[in-house]
Amino acid sequence: MLVANSIEEVRKIISAQKKAGKRIGFVPTMGYLHEGHLSLVEISKKHTDFQVMSIFVNKIQFNDKKDFENYPRETERDLKLAESAGVELVFLPDDEEMYRDRLTYVDVLTLTDHLCGAFREGHFRGVFTVVSKLFNIVQPDVSVFGQKDIQQAAGIEKMVYDLNFPVRIIIAPTIREKEGLAMSSRNKHLSPEQRNRALAIHRSLQAAESMIESGEAGASVILQKMKQIIEEGKPDKVDYVSITSYDTLQPVDRIENKSVIAIAAFFGTTRLIDNMIIDKGDKGFKCIY
Ligand code: AMP
């Protein structure tokens, strides 16, 4: 596995691979890898020939300085995991390499009005900016993102469409711990007791699924039940429990078309997010989470 710290090195390696006719798959990450990240590489391998991963804790997407400082970092372990997953090139830049000047940003409007966008000022602008830069550096044919960060994935799909990036975006399923907690690098900060309480998030999604399967479509009825279940986990703060349209990420009163149910809540000082996509199947709505 190759490890490149500079943009120039990445460009050279990618250009040689492209000349050899290889299709480039790309998984951007902030490291502290877990099975969720590695599942994205697995999917990327099915569509491309040369796997690139970036590991970069992107300062400009953190609206909370402490969160940035405490973000878990373990590069040696990450490199071993990436190699065992079949990654062929890791791009591991430092801040200086990525942000010499910082006058240009990329943003996606309206899709970021609600959900995390309403609570984390500047976060998505930081994400879309770094992903644009990474796409221009790596020039992937395919890039895979996790459903766990649904607003991020939807925003990147929109950005790629609006700005004509020549890359196909794939949104991959959320990988969970056995008990249902969505895997996240930030889970490291949860005490066993907080982790246990946080399972209420997954239980609330299961309850929503049962209600939707039995024909309930009213957002307020579903949300009321979900909030009650989340409260049973005694969250330290709930940012939102919302039902939105999938295409616009704007709140809806009823589930009529493809929709998203999304949650953000703090357990201790750790902010957890999770979501479910509700899609129309042949026999009514299908819940994916
Ligand atoms: P991060 O390192 O948290 O920035 O995440 C890098 C990529 O991994 C993003 O596309 C995330 O959506 C994705 N990801 C994070 N957690 C999971 C998970 N539990 N299952 C699937 N993908 C995930």
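Start at 1 with the first residue, then count along the sequence. All values below come from the heavy atoms of this structure, side chains included, with hydrogens, waters and symmetry mates left out. Just follow the structure's listing: the first ligand is 1, and inside any ligand the first atom is 1.
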Item checked: For atom 17 (C) of ligand 1, the protein heavy atom that lies nearest, with its residue and separation -> His34 CE1, 3.7 Å
Checklist line | Shortest protein contact, atom 6 (C) of ligand 1 (heavy atom only) | finding: Pro28 O, 3.3 Å
Check: Could an N or O of ligand 1 be found under 3.5 Å from any N or O of Lys148, whether backbone or side chain?
Finding: no
Note to self: For ligand 1, which is the ligand I care about here, please tell me if Met30 has any N or O atom under 3.5 Å from one of the ligand's N or O atoms.
What the structure shows: yes
Check: Hey, are Glu9 and Ser6 close enough side-chain-wise for a donor-acceptor pair under 3.5 Å?
Finding: yes
Item checked: Sub-4.0 Å heavy-atom approach of Arg176 to ligand 1 -> no
Next item on the list: Check the side chains of Ser44 and Gln51 for a donor-acceptor pair under 3.5 angstrom, ignoring hydrogens and angles.
Entry: yes
Next item on the list: Classify the ring geometry between Phe135 and Phe145 as parallel (under 30°), tilted (30 to 60°) or perpendicular (over 60°).
Entry: perpendicular
Next item on the list: Quick one: look at Tyr71 and ligand 1, take heavy-atom pairs under 4.0 Å, and tell me if it's side chain, backbone, both or neither.
Entry: side chain
Check: Can you find an N or O of Phe145 that's nearer than 3.5 Å to an N or O of ligand 1?
Finding: no
Next item on the list: Under 4.0 Å from a heavy atom of Thr29: give me the atoms of ligand 1 that qualify, with their elements.
Entry: 2 (O), 6 (C)
Notebook entry, point to check: Among Val130, Ile171, Leu40, whose heavy atom sits nearest atom 8 (O) of ligand 1?
Noted result: Leu40
Check: In ligand 1, which numbered atoms sit nearer than 4.0 Å to a non-hydrogen atom of Pro173?
Finding: 20 (N), 21 (C)
Check: Can you find a side-chain donor-acceptor pair between Ser245 and Thr248 that sits under 3.5 Å?
Finding: yes
Next item on the list: Would you please say whether a donor-acceptor pair under 3.5 Å links the side chains of Gln61 and Asn58?
Entry: yes
Notebook entry, point to check: Is the Tyr32 to Tyr71 ring centre distance short of 6.0 Å?
Noted result: no
Check: Applying a strict 4.0 Å limit to heavy atoms, is Ala153 in contact with ligand 1?
Finding: no
Checklist line | Closest candidate by heavy atom, reference atom 18 (C) of ligand 1, pool Ile175, Asp149, Asp274 | finding: Ile175
Check: What is the nearest protein non-hydrogen atom to atom 22 (N) of ligand 1, stated with its residue, atom name and distance?
Finding: Gly146 CA, 3.6 Å
Next item on the list: Tell me, with the steps shown, if Arg197 and Asp236 meet salt bridge (charged side-chain N to carboxylate O under 4.0 Å, His left out).
Entry: CA-CA 10 Å; Arg197 287 197 278 121; Asp236 292 270; 3.6 Å; yes
Check: Ring centroid separation for Tyr289 and His202, is it under 6.0 angstrom?
Finding: yes
Next item on the list: Kindly indicate whether a cation-pi arrangement holds for Arg125 with Tyr105, taking the cut-offs as under 6.0 Å to the six-membered ring centre and within 45° of the axis.
Entry: yes
Next item on the list: List every atom of ligand 1 that sits less than 4.0 Å from any heavy atom of Met183, numbering the atoms from 1 in the order shown and giving each element.
Entry: 16 (N), 17 (C), 18 (C), 19 (N)
Checklist line | Between Asn275 and Gln147: side-chain donor-acceptor atoms closer than 3.5 Å | finding: yes
Notebook entry, point to check: Where the closest heavy atom to atom 5 (O) of ligand 1 is concerned, which of His37, Gln61, Gln147, Gln152 has it?
Noted result: His37
